[in-house]
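Chain naming here is simple, since letters A, B, ... match the order of the sequence lines and numbering starts at 1 in each.
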Amino acid sequence: MRLSKYFLVTTKETPADAEVVSHQLMLRAGLIRKLGAGLYTWLPLGLRVLQKVEAVVREEMNRAGALEVLVPPQVPAELWQESGRYEKYGAELLRFKDRHQRDFILGPTHEEVITDMARRDIRSYRQLPVNLYQIQTKFRDEIRPRFGVMRAREFLMKDAYSFHLDEADLMREYRNMREAYRSIFTRIGVDFRIVKADSGAIGGDRSEEFHVLAASGEDLLAVSDGSGYAANVEAAETRPQGARGAAVAALEKVSTPTQKACEDVAALLGIPLAATLKLIVAKGRDGGLVALALRGDHVLNAVKAEKHPLVAAPFTLASDAEIRAAFGSEPGFLGPVGAKIPLVADHAAAALSDFVCGANETGFHLRGANWGRDAAEPPTADLRNVVSGDPSPDGQGKLTLVRGIEVGHIFQLGRKYSEAMHMTVLDEAGKEIVPEMGCYGIGVSRIVAAVIEQCNDAAGIVWPEPLAPFRVIVCPIGLEKSPAVKQAAEKLYEELAAAGVEVLLDDRGLRPGPMFADADLIGIPHRIVIGDKGLANAQFEYKRRGAAEPAMIAAMAQAVLERIKIAA
RNA sequence: CGGGGUGUAGCGCAGUCUGGUAGCGCACCUGCCUUGGGCGCAGGUGGUCGCAGGUUCGAAUCCUGUCACCCCGACCA
């Protein structure tokens, strides 16, 4: 491609509203343009990258035995009502009516549509297992779109759905997809981790996420330094650590007139935050309230809490009025001593002795409180987010927290959708059974942003070879002035193109400064500079994007081909 | 949705407090010049100042309303 004929619009200045580096670079390099909040046009250069990602995903899915389909993004509401998600999915679901006032949605994911298709056409165990996937635009009315294509209202997703006779076969395909995903992200060339995850709105039994590691990631991951354990903090577990110390101190009431938060109480009393205990009051499954006890320095994990049999799902905090009625105290002064509602303690909170907690009396806390002596021995559970330094749940090593961008998610759905939508097949014995399902998603457009987050420097994007929109850029110096340079550049360009290399020729006649700046910004992996100086010695200059120094090579297409072969 | 902020040329911004002929840099166009890291000179295109209403002789500027966008919190590929 000749740059003089290409739609390349780069900018030196960073758009004011782009926060993260990938968004800034995608705008500056002319990959995308914004249409509205969370809506982006892919320009020619960006689309090439998107299609590269798509191609890798498609190849690996096909290789893994999945079959590509394409379903309509517009879905009649009835299907979603049948699964119960029309109500449950909430405001994020884009809904509309057609001219006949029929309700439709724009698909944010397609379990219902695929299951509907499958229940009509899959009647026999002979047709199982099957794994159907598509690569298609998904629609979500995001609460807050941000970071460019990282969190958009429309995004390109690969979604796959598998159907199985039994759980064992679902497990087999789940592992198969896990390996396919591993191949995809390895080929793309990013540093990624597979982590245990919460299933969220998709539902189901077991799931894992694939994360690209990046400081700007929206997710926190807990990774063990002594084993392969890794989990999203939403789902990360830890094990109870250390035995409770002896109760030594006497129970004593202290005045804390304005100190509501544990931080303030700890500061007032001059004690570590970890020696305080707080209560969080939530709605209980029986319709009443339940108190959750946590160490002052820990944070409640609502996903874990709502799985506890005493806690209502979805997790809902009690109102201030409900708290006053149950405790006779303002929120901020609650404690387990004398509490009259059921109480569950996090393992770490239950391991405290001589701790400080609210006195259930506005303006007062207790110090020297102890379980068993001052408050009943509580049932314990894992209720909190893990913190850096917690022991890994497998007993090997400690957890550290890192940030990641979720680019893939695989689920064992079980029978959630097949049951709700009455899908059955006949097994070998002629008996009707409900198939097991799995589903597997990849955020194709998000990958582009995630890769840039990981692969950039001060000059711009540094594409991994497999995603680069073009592999080689030819930069002639003094194009208009030197017939020798012009001729050599044209010849090299033609020869590389003939050899099947995706090559850009910068024939815009720019001075070297802006020409090099653009080449760096758009991140082309291999740059060939042709100038009179080099040609005098029959040499081109070769520079790998990101390399410190250029090298001189023979002024022949063959020499270039050898270079890029070695580098690839 | 709650909290904070911004809307002036394609991009980055000044001007708004204190009303009086709409500006700067970059980009873009023309010509000359220049060619190894975002040259130089000269000339030029482009904005009903987010939108609507109001106050005023006069509004980018003051008032009211409205819309859009961005940032911080609960969601997810």
Exercise. Nearest-nucleotide wise, let me know which of A:Asp219 and A:Ala459 is further upstream toward the 5' end of RNA chain B.
Key: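 First, find each residue's nearest nucleotide; the 5'-ward one identifies A:Ala459.
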Self-check item: Closest-nucleotide 5' rank along RNA chain B - winner of A:Gly531 and A:Glu13
Solution: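 Result of the comparison: A:Glu13.
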Which part of the nucleic acid does [X] contact within heavy-atom distance under 4.0 Å: base, sugar-phosphate only, or nothing?
| X | answer |
| --- | --- |
| A:Glu19 | sugar-phosphate |
| A:Val529 | base |
| A:Ala450 | nothing |
| A:Arg146 | sugar-phosphate |
| A:Lys34 | sugar-phosphate |
| A:Arg33 | nothing |
| A:Asp518 | base |
| A:Leu510 | base |
| A:Ser482 | nothing |
| A:Ala517 | base |
| A:Gly441 | nothing |

Quiz item: Within the distance-only criterion (no hydrogens, no angle test), does the side chain of A:Arg403 pair as donor or acceptor with the backbone N or O of A:Gly217 below 3.5 angstrom?
Solution: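 Such a contact is found between A:Arg403 side chain and A:Gly217 backbone.
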Tell me which nucleotide among [options] gets nearest to the side chain of [X].
| X | options | result |
| --- | --- | --- |
| A:Phe516 | B:G38, B:G37, B:G12 | B:G37 |
| A:Arg151 | B:C39, B:G37, B:C76 | B:C76 |
| A:Asp520 | B:C76, B:G12, B:G37 | B:G37 |
| A:Ile143 | B:A74, B:U35, B:C76 | B:A74 |

Quiz item: Quick check, are the ring centers of A:Tyr40 and A:His23 under 6.0 angstrom apart?
Solution: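 Yes: the rings meet the under 6.0 Å criterion.
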Exercise. Kindly say if A:Lys138 contacts the phosphate of B:A77, meaning a side-chain N or O under 4.0 Å from OP1 or OP2.
Key: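 No, no such contact exists.
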Quiz item: Are any of A:Arg144's side-chain N or O atoms less than 4.0 Å away from OP1 or OP2 of B:C72?
Solution: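 Answer is yes, contact under 4.0 Å.
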Quiz item: What pairs with A:Asn456 under side-chain hydrogen bond (donor to acceptor under 3.5 Å, both in side chains), at least two apart in sequence or on another chain?
Solution: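 Counting only residues at least two positions away or on another chain, A:Asn456 forms no side-chain hydrogen bond (donor to acceptor under 3.5 Å, both in side chains).
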Distance, rounded to the nearest Å, where [X] contributes [atom1] and [N] contributes [atom2]:
| X | N | atom1 | atom2 | answer |
| --- | --- | --- | --- | --- |
| A:Glu306 | B:A74 | CD | P | 15 Å |
| A:Phe185 | B:A77 | CZ | P | 12 Å |
| A:Leu8 | B:A27 | CG | P | 15 Å |

Exercise. Give a yes/no verdict on base stacking between B:A77 and A:Phe155: centres under 5.5 Å, planes within less than 30° of parallel.
Key: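 So A:Phe155 counts as stacking on the base.
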Quiz prompt | Salt bridge A:Glu111-A:Arg85, side-chain N to carboxylate O under 4.0 Å | solution =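 Yes.
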Practice problem: Under the side chain to side chain contact (heavy atoms under 4.5 Å, CB included) rule, what do A:Ile522 and A:Leu45 come out as? Steps first, then yes or no, please. | Solution: CA-CA 9 Å; A:Ile522 66 176; A:Leu45 196 69; 3.7 Å; yes
